[in-house]
Amino acid sequence: GDGGANTGIYNLSGGTNHCTSEIDICSYQSSVGTVNITGGEWDVDGELHVPQGDGGSIGTINMSAGVLNAHNWFQVGRGGTALLNFTGGTIHKFAGGTFIIGDNNGGPAGRVIQNGGTFIDDDQYWIGNNMGGELDFTNGTLTANGFFDGNGINGGNGNTCFGTFEQSGGTVNDGGE
């Protein structure tokens, strides 16, 4: 969905999709965008925004299997309402930009629910950057090269933000200093 009251859905169940440019899962106004990954591999070289835009947009990634490779900035909640519902598979966020839940816009919030799978972040993992961010971690493995600033798990960066991290299971590895 891009602008207006549009809706877009992308389903990946097999094969490989290599995107060399920026991906906005829904952008601006009252659009809705959803990506469902149940298998296959999605490589994104440009920035990945879920969604990009104002407070009226809604973006969602549902991932139960497969591989998502993000080679640049990866923001869940860069304006609008965002959800990454991660129950299986592997997300690898390579160096070259930070993974951020809730980033730099006046939207409601970004939220990640991890209930399985493996998330590897070669860079930093931020929860809240000038807006709200929430990580609900119940199962799986999360490894990052520092949470928020490399000095431990900290929520909230900037002036007007808040970050929430709730863990009830699984394994979190902080490789930062």
Side-chain angles (χ1 to χ4, degrees), residues 1-2 8-28 33-53 57 59-80 82-105 107 110-114 116-131 133-135 137 140-150 153 157-158 163 170-177:
D2 185 12
I9 299 172
Y10 173 66
N11 297 308
L12 178 63
S13 60
T16 300
N17 182 345
H18 183 204
C19 302
T20 58
S21 62
E22 178 178 305
I23 300 292
D24 296 331
I25 299 173
C26 166
S27 63
Y28 301 103
T34 303
V35 172
N36 299 304
I37 303 172
T38 58
E41 183 174 332
W42 190 23
D43 285 308
V44 180
D45 290 343
E47 294 185 15
L48 177 56
H49 307 134
V50 187
Q52 163 78 355
S57 56
T60 303
I61 295 178
N62 296 306
M63 184 169 176
S64 59
V67 175
L68 168 57
N69 292 315
H71 298 274
N72 206 315
W73 292 89
F74 183 177
Q75 293 121 320
V76 176
R78 185 170 175 170
L83 173 64
L84 169 57
N85 185 22
F86 181 40
T87 59
T90 300
I91 295 175
H92 190 173
K93 169 56 196 78
F94 291 85
T98 301
F99 178 78
I100 305 173
I101 306 169
D103 185 38
N104 283 330
N105 205 315
R111 183 175 184 204
V112 172
I113 300 170
Q114 184 171 348
T118 300
F119 193 118
I120 302 163
D121 189 343
D122 295 343
D123 209 320
Q124 295 181 348
Y125 191 108
W126 295 1
I127 305 169
N129 182 46
N130 295 317
M131 70 181 285
E134 180 179 345
L135 170 59
F137 188 84
T141 302
L142 171 59
T143 301
N145 191 29
F147 286 84
F148 171 62
D149 63 358
I153 297 173
N157 178 27
T171 303
V172 175
N173 301 301
D174 183 357
E177 300 175 10

Can you name the nearest heavy-atom pair linking [X] to [Y], along with the distance?
X	Y	answer
V44	S21	CG1-O, 4.3 Å
N72	D45	CB-O, 3.3 Å
I25	T60	CG2-O, 4.1 Å
G77	A82	N-CB, 3.1 Å
L142	Q114	CB-OE1, 4.1 Å
P51	C26	CB-O, 3.2 Å

*Please round to the nearest 0.5 Å and tell me the distance separating atom OG1 of T34 and atom CD1 of I9.*
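Here the rounded value is 5.5 Å.
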Between [X] and [Y], is any pair of side-chain heavy atoms under 4.5 Å apart?
X	Y	answer
V112	F137	no
N85	I113	yes
F147	V172	yes
T98	N129	no
F99	D123	no
N11	T38	no
D174	Y125	no
V50	L84	no

_Any side-chain donor near an acceptor of the partner, Q124 and W126, under 3.5 Å_ =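 A donor-acceptor contact under 3.5 Å links the two side chains.
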*Indicate yes or no for a side-chain donor-acceptor contact from T87 to the backbone of M63 under 3.5 Å, with no hydrogens or angles considered.*
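At least one qualifying donor-acceptor pair exists.
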*Counting only N and O atoms by type, is there a donor-acceptor contact under 3.5 Å from the side chain of E47 to the main-chain atoms of D24?*
no
*Identified side chain to side chain contact (heavy atoms under 4.5 Å, CB included) partner of N69 from the options H18, K93, H92*: H92
_Using the rule given for side-chain contact (heavy atoms from CB on, under 4.5 Å), can you reason through F86 versus L68, listing the C-alpha separation, both sets of side-chain angles and the distance that settles it, and then say yes or no?_
CA-CA 11 Å; F86 181 40; L68 168 57; over 6 Å; no
*Between N17 and Y10, is a side-chain contact (heavy atoms from CB on, under 4.5 Å) present by the stated rule, with each step listed?*
CA-CA 11 Å; N17 182 345; Y10 173 66; 2.8 Å; yes
